[in-house]
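As the structure lists them, so they are numbered: ligands from 1, and atoms in each ligand from 1. Position 1 is the first residue of the sequence; numbering continues from there. The figures here come from the full heavy-atom set of this structure, side chains too, leaving out hydrogens, waters and symmetry mates.
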Amino acid sequence: MAGLYLASQSPRRTELLTQVGIDHIVVSSAYEEANKGYDNPIEMVKEQALGKARAAVGVPEGSIVLGADTIVVLDNQVLGKPHDESEARHMLERLSGQVHSVITGVALLIKGQEIVFHNETKVYFKKLAPFEIESYIGSGEPMDKAGAYGIQGKGALWVEKIEGSYTNVVGLPVEHVYDELCKALGAK
Ligand SMILES: Cc1cn([C@H]2C[C@H](O)[C@@H](COP(=O)(O)OP(=O)(O)OP(=O)(O)O)O2)c(=O)[nH]c1=O
């Protein structure tokens with residue numbers, strides 16, 4: 001297989017690929033995320049993922065490039081990464097006791113094709129007490145994560161159940177990525 005370049009600074013995405021044995025090289029992307037101006041959250045994450053992949057830096061000709069973007073959607077409203085603690089608090093108060101979707105857009109540039117898809121997981125959140133929200137914010141965990149929580153960390157305490165892919169919530173639906181890679185490479 002041609003080398004796979006992951007255009008992402010997210011530590012979770014490289015960990016997930018490594019976990020399942022997909023060799024890759026992490027590179028940066030010159031793409032500037034712009035979460036505004038989209039009517040449809042799915043179109044938005046797909047566009048962002050494609051933008052990140054297309055703007056990957058230092059990728060040799062003929063390589064495979066992977067870009068991704070993850071958001072939380074609650075009542076048709078997009079929750080990205082909080083800008084500060086008060087936004088994180090507000091997001092967690094909104095998620096408390098509700099069901100939301102985590103949507104990841106993925107773009108694969110492979111053999112001259114642009115394969116763009118998404119994956120959606122429903123997450124059922126428990127009701128959070130104000131002291132729980134405060135201590136979670138104090139842990140610093142919410143700040144670099146869409147929706148202000150990490151299911152792979154202390155945020156696991158707030159999740160009652162999920163419907164769909166777990167790795168999708170963490171930032172990259174590896175089983176889906178693997179299937180698409182196999183398809184594009186004619187391996188399955
Ligand atoms: C909901 C949720 C999100 N997240 C993370 C995954 C993503 O890293 C982040 C969403 O931000 P993204 O903008 O998708 O990604 P990123 O800025 O971290 O990395 P890059 O743009 O360089 O690829 O939220 C978790 O780690 N756990 C969770 O449970």
Within the 4.0 Å heavy-atom shell around [X], which atoms of ligand 1 are there?
X: K52; answer: 12 (P), 13 (O), 14 (O), 15 (O), 20 (P), 21 (O), 23 (O)
X: I151; answer: 27 (N), 28 (C), 29 (O)
X: Q152; answer: 25 (C), 26 (O), 27 (N), 28 (C), 29 (O)
X: G150; answer: 27 (N), 28 (C), 29 (O)
X: S8; answer: 19 (O), 20 (P), 22 (O), 23 (O)
X: D69; answer: 12 (P), 13 (O), 14 (O)

What protein heavy atom sits nearest [atom], and how far away is it?
atom: atom 6 (C) of ligand 1; result: V170 O, 3.3 Å
atom: atom 18 (O) of ligand 1; result: S10 CB, 3.5 Å
atom: atom 22 (O) of ligand 1; result: Q9 N, 2.7 Å
atom: atom 10 (C) of ligand 1; result: T70 O, 3.7 Å
atom: atom 2 (C) of ligand 1; result: V169 O, 3.1 Å
atom: atom 17 (O) of ligand 1; result: K81 NZ, 2.3 Å

What part of D144 sits under 4.0 Å from ligand 1 if we count only heavy atoms: the side chain, the backbone, both or neither?
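Backbone only.
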Would the number of heavy atoms belonging to other residues, nucleotides or ligands and lying under 6.0 Å from [atom1] of [X] be above 12?
X: Y178; atom1: OH; value: no
X: N76; atom1: CG; value: no
X: H24; atom1: NE2; value: yes

Would you call E180 and K183 a salt bridge, taking side-chain N to carboxylate O under 4.0 Å as the test?
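Answer for the salt bridge query: yes.
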Sole residue of L16, T121, N119 in side-chain contact (heavy atoms from CB on, under 4.5 Å) with P173:
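By the side-chain contact (heavy atoms from CB on, under 4.5 Å) criterion, P173 pairs with just one of L16, T121, N119: N119.
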side-chain contact (heavy atoms from CB on, under 4.5 Å) with L95: which of V123, L74, I133?
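So, applying the side-chain contact (heavy atoms from CB on, under 4.5 Å) to L95 and each of V123, L74, I133, only L74 qualifies.
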Could you tell me whether some N/O pair between [X] and ligand 1 is separated by less than 3.5 angstrom?
X: G171; value: no
X: A146; value: yes
X: K145; value: no

Checking K52 against Y31: charged group under 6.0 Å from the ring centre and within 45 degrees of the axis?
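No.
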Using a 4.5 Å cut-off on heavy atoms from C-beta on, say whether the side chain of [Y] contacts that of [X].
X: L66; Y: L172; answer: yes
X: R89; Y: E134; answer: yes
X: T167; Y: V177; answer: no

Ring-plane angle category for H176 and F117, please: parallel below 30°, perpendicular beyond 60°, tilted otherwise.
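Because their plane-to-plane angle lies in the 30° to 60° range, the rings of H176 and F117 count as tilted.
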Evaluating non-hydrogen atoms only, which member of R13, E15, H100, E141 is closest to atom 19 (O) of ligand 1?
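The nearest heavy atom belongs to R13.
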